[in-house]
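This report concerns only the one structure given below.
Order of the sequence lines sets the chain letters (A, B, ...), proteins ahead of strands, with each chain counted from 1.
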Amino acid sequence: MRTSQLHLSTTKESPADAEVISHQLMLRSGMIRRLAAGLYTWMPLGLRVLRKIERIVREEMDAAGASELIMPAVQPAELWQESGRWGQFGPELLRLKDRHQRDYCVGPTHEEVITDIARRDLRSYKQLPVNYYQIQTKFRDEVRPRFGVMRSREFIMKDAYSFHASPQSLQQTFDDMYQAYSNIFSRMELEFRAVEADSGAIGGSGSMEFHVLADSGEDAIAYSTGSDYAANLEKAESICPDTLAAPTQEMTLVDTPNTKTIQALVDNFKMPVEKTIKTLICHASEECETELVALLVRGDHQLNETKANNHPLVASPLCFATEEEIRAAVGAGPGSLGPVKLPMPVIADHTVAVMSDFGAGANVEDKHYFGINWGRDADTPIVADLRNIEAGDPSPDGKGELQILRGIEVGHIFQLGDKYSQAMNATVLDENGKDVVMSMGCYGIGVTRVAAAAIEQNNDDKGIIWPRPIAPFEVVLVPINMRRSDTLKQTVEKLYDELKSAGVDVLLDDRDSRAGVMFADMELIGIPMRVVLSEKGLAKGIVEFKGRRDDAATEIAADAIVDFLKTKLA
RNA sequence: CGGGGCAUAGCGCAGCCUGGUAGCGCAUCUGCUUUGGGAGCAGAGGGUCGCAGGUUCGAAUCCUGCUGCCCCGACCA
């Protein structure tokens, strides 16, 4: 490809509304153009990256025994009503009517369609397991699309769905997909981690997310320094090595005016923060006898909302009580709350459950109790894991301690079990001739998001630094003042042809631009390798090679450059 | 959905407070010079100032409504 054919259009300044670096660089390099909120055109340069990502995904999925198909983007409402998700999905599902006023949606995911395929096509356990995948456009009407293609409304996803006659078979395919995903992101030369994820309301026995590591990532992930344990912060289990100590203090009621926060309690009363408790009131689930329920975490800890949400006594989705609701139930407002004589169930983080001689609100305005002890002063609480882990906490597997990294979720593999196959009656005959509901797994990769994540992880002040396997081009030829030298022009054209026939993905910058312009553009769009040719250099029999991350160029004999590049690219 | 902000040339911005010829930089086009890190000079094209009302002799500017977009939060198989 030549730059003259590519319609390269780069800018020095980035649009004001681009916040994150990948979004800025994709716009500046002309990879994408915005059409409306969360809707982007992939320009020729950007599309080349997508195609390379898709190719790697395809090769590894095929190698793992999955087979490709493609399903409609628009789906009939009936299937979603059958699975129950037409009612559940909410405004994120883009719904539309056809000319006959029949309901449809634009697919945000394809469990319903694939389950329909499976129940029609699969008859016998002998046909299982089977794993279908597609690489296709999805639409989710996000509340707040942002960060360019990192979180757009329309995006390209590789989604795979497997069907099984037994849990063992599902586990096997799940493990195969884990390996395939590891291969995919390794081949893309991305620094990534597979982490345990919250499986949420769907249940299921396994859920792993694949994160590309980047400081700008939206997710926090915890990993152990002493083992291969890694989990999304939402899921990462905190353990409590301490045991409950005997009381040493009497409980006293203390006047605490203007002390509504943990920080004020620490500052005004010299109370160690480890002896304080945060009392959070939220709505209770139907299982609970009261309307509200209290969640307790230590003063210096953060409530983990996913863990709280998953607790059986807590309403899902998690909803904090308003100040009015709290005053009506307790008689005091936030800032004066505590577990002593609290008229609702108390769920304490296990760190809280082993605290002694601690301070908390007295459920009376402007008063706290100091020296509280469980059992004696307050009812022994329900104990649960409620808090976010912190760097330095022990790993839940007992090996090493936890550290926290930021990540961008680019893949998710999931054991669905029979949620959809049950609802949609997708069965096969087993070896006894009886109908059995198939088990399902699903496996997604955000193809467009991978491109953005790769940039978040690999960039510098000059622009993008593509990992070679997903770069729009592997090598760029930059001839300097080609118009002024026929020798140079002939040499460059010959080299360009040779590289093309050697299978090198090469770009020839044939614009009649100044050297600085070409250098700056090629660095911005992130081509991993650059070969500069000049009349002066050719007179000495050399060309210059520079890797995108190299500080300086190296001189290479002109007649050796093809072999040199072939070795580099091998 | 709650809070905040923005909307002027393809991009980045000024002008608005205090109403009176719509401007700057980048990009684009032409010519000359230049030519190894985003060239210089000279010239040119490009705008219903987001939309709709209102006030006024006169509105980019003041007022009202709408729309779009961005940020923070909530939300996110």
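Rounded to a whole Å, the CE atom of A:Met518 is 10 Å from the C1' atom of B:U35. The distance between atom CD1 of A:Ile480 and atom C1' of B:G38, rounded to the nearest whole Å, is 14 Å. A:Arg511 has its CZ atom 11 Å from the C1' atom of B:G38, to the nearest Å. Rounded to whole Å, the distance from CG on A:Asp461 to P on B:G37 is 17 Å. Rounded to whole angstrom, the span from the CD atom of A:Gln88 across to the C1' atom of B:C75 amounts to 16 Å. One interatomic measurement links the two molecules: CD of A:Glu234 to C1' of B:A77, which rounds to 13 Å at whole-angstrom precision. Across the protein-nucleic acid pair, A:Leu533 atom CG and B:G36 atom P stand 15 Å apart, rounded to whole Å. Between the CZ atom of A:Arg140 and the P atom of B:C76 there is a distance of 13 Å, given to the nearest Å.
With a cut-off of 3.5 Å on both Watson-Crick or G-U wobble distances, the partner of B:C69 is given as B:G5. The partner of B:C75 cannot be assigned: no Watson-Crick or G-U wobble pair with both contacts below 3.5 Å exists in any strand. For B:A42, the paired base is B:U30 (Watson-Crick or G-U wobble, both distances below 3.5 Å). The base-pairing partner of B:C17, taking Watson-Crick or G-U wobble contacts with both distances under 3.5 Å, does not exist among the strands shown. The nucleotide B:U35 finds no pairing partner, because no Watson-Crick or G-U wobble arrangement with both distances shorter than 3.5 Å includes it. Judged by Watson-Crick or G-U wobble contacts below 3.5 Å, the nucleotide B:C49 has no partner.
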So which protein N/O to nucleotides 22-29 of chain B N/O distances come out below 3.5 Å?
unit_1 : atom_1 : unit_2  : atom_2 : d
B:G25  : N2     : A:Glu13 : OE1    : 3.0

Pairs under 3.5 angstrom, nitrogen or oxygen only, protein versus nucleotides 67-71 of chain B, please.
unit_1 : atom_1 : unit_2  : atom_2 : d
B:C69  : OP1    : A:Ala37 : N      : 3.3

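Along RNA chain B, the nucleotide closest to A:Val532 and the one closest to A:Glu111 are compared, and the more 5′ of them pairs with A:Val532.
Residues satisfying the salt bridge (charged side-chain N to carboxylate O under 4.0 Å, His left out) criterion with A:Asp300, sequence neighbours excluded, are A:Arg298. A search for side chain to side chain donor-acceptor pair (under 3.5 Å) contacts involving A:Lys278 returns nothing, not counting sequence neighbours. Listed by chain and number, the residues in a side-chain contact (heavy atoms from CB on, under 4.5 Å) with A:Asn309 are A:Ser316, A:Leu318 (sequence neighbours excluded). Here A:Arg511 pairs with A:Thr3, A:Leu8, A:Asp509, A:Ser513, A:Met518, A:Asp521, A:Met522 under the side-chain contact (heavy atoms from CB on, under 4.5 Å) rule; sequence neighbours left out.
Of the C1' atoms belonging to B:G73 and B:A9, the separation is 36 Å, rounded to the nearest Å. The same atom, P, is picked in B:G53 and in B:A59; the two are 13 Å apart, to the nearest Å. Taking the C1' atom of each, B:C6 and B:G31 are spaced 41 Å apart, rounded to whole Å. Comparing B:U56 with B:C11, their P atoms are spaced 36 Å from each other, to the whole Å. Taking atom P on both nucleotides, B:C66 is separated from B:G3 by 14 Å, rounded to a whole Å. Comparing B:A52 with B:G68, their P atoms sit 16 Å apart, to the nearest whole Å. Using atom P as the reference point in both B:C26 and B:A42, the two lie 12 Å apart (nearest Å). Spacing of C1' atoms, B:C70 relative to B:G50, comes out at 15 Å, to the nearest Å.
On a pure distance criterion of 3.5 Å, no polar donor-acceptor pair joins the side chain of A:Arg85 and the base of B:A77. No hydrogens or angles were tested; on distance alone, nothing pairs the side chain of A:Arg28 with the base of B:G10 as donor and acceptor under 3.5 Å. No hydrogens or angles were tested; on distance alone, a donor-acceptor pair under 3.5 Å links the side chain of A:Arg514 to the base of B:U34. Contact annotation: side chain of A:Glu523 to base of B:G38, donor-acceptor pair absent below 3.5 Å. Contact of A:Asn481 with B:G36 (side chain to base): no donor-acceptor pair of N or O atoms is detected under 3.5 Å.
Contact annotation for A:Ser14: backbone-only contact, meaning every heavy-atom pair under 4.0 Å involves sugar-phosphate atoms and none involves a base. Looking at heavy-atom distances under 4.0 Å, A:Glu544 makes contact with a base. Within 4.0 Å (heavy atoms only), A:Ala515 reaches sugar-phosphate atoms of the nucleic acid but no base atom. In this structure, A:Met482 reaches neither bases nor backbone, as no heavy-atom distance under 4.0 Å exists between it and the strands shown.
A:Arg95 forms a cation-pi arrangement with A:Trp86, by the criterion of a distance under 6.0 Å to the ring centre and an angle within 45° of the ring axis. For the pair A:Arg530 and A:Phe545, the cation does not sit on the ring face, since its NZ or CZ is not both under 6.0 Å from the ring centre and inside 45° of the axis.
Listed candidates were B:G12, B:C75, B:G37. Nearest to the side chain of A:Val143 is B:C75.
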- Message: Run the salt bridge (charged side-chain N to carboxylate O under 4.0 Å, His left out) test on A:Glu218 and A:Arg151 for me, step by step, so that the C-alpha distance in whole Å, both residues' side-chain angles and the decisive distance to 0.1 Å come before the verdict.
- Response: CA-CA 11 Å; A:Glu218 281 196 90; A:Arg151 196 182 193 75; 3.3 Å; yes
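Of the charged side-chain nitrogens involved, none lies within less than 4.0 Å of a carboxylate oxygen, so that A:Arg449 and A:Glu409 do not count as a salt-bridged pair. A:Asp460 has a carboxylate O that lies under 4.0 Å from a charged side-chain N of A:Arg548, or vice versa, which qualifies the two as a salt bridge.
Contact of the A:Phe174 side chain with the A:Met177 side chain is not registered, since no non-hydrogen atoms from C-beta on lie closer than 4.5 Å. Put simply, the side chain of A:Glu237 does not reach to within 4.5 Å of the side chain of A:Ile389, judged on heavy atoms.
Shown here for A:Lys307 and A:Asn304, the closest heavy-atom pair between the two residues is N-OD1, 3.0 Å.
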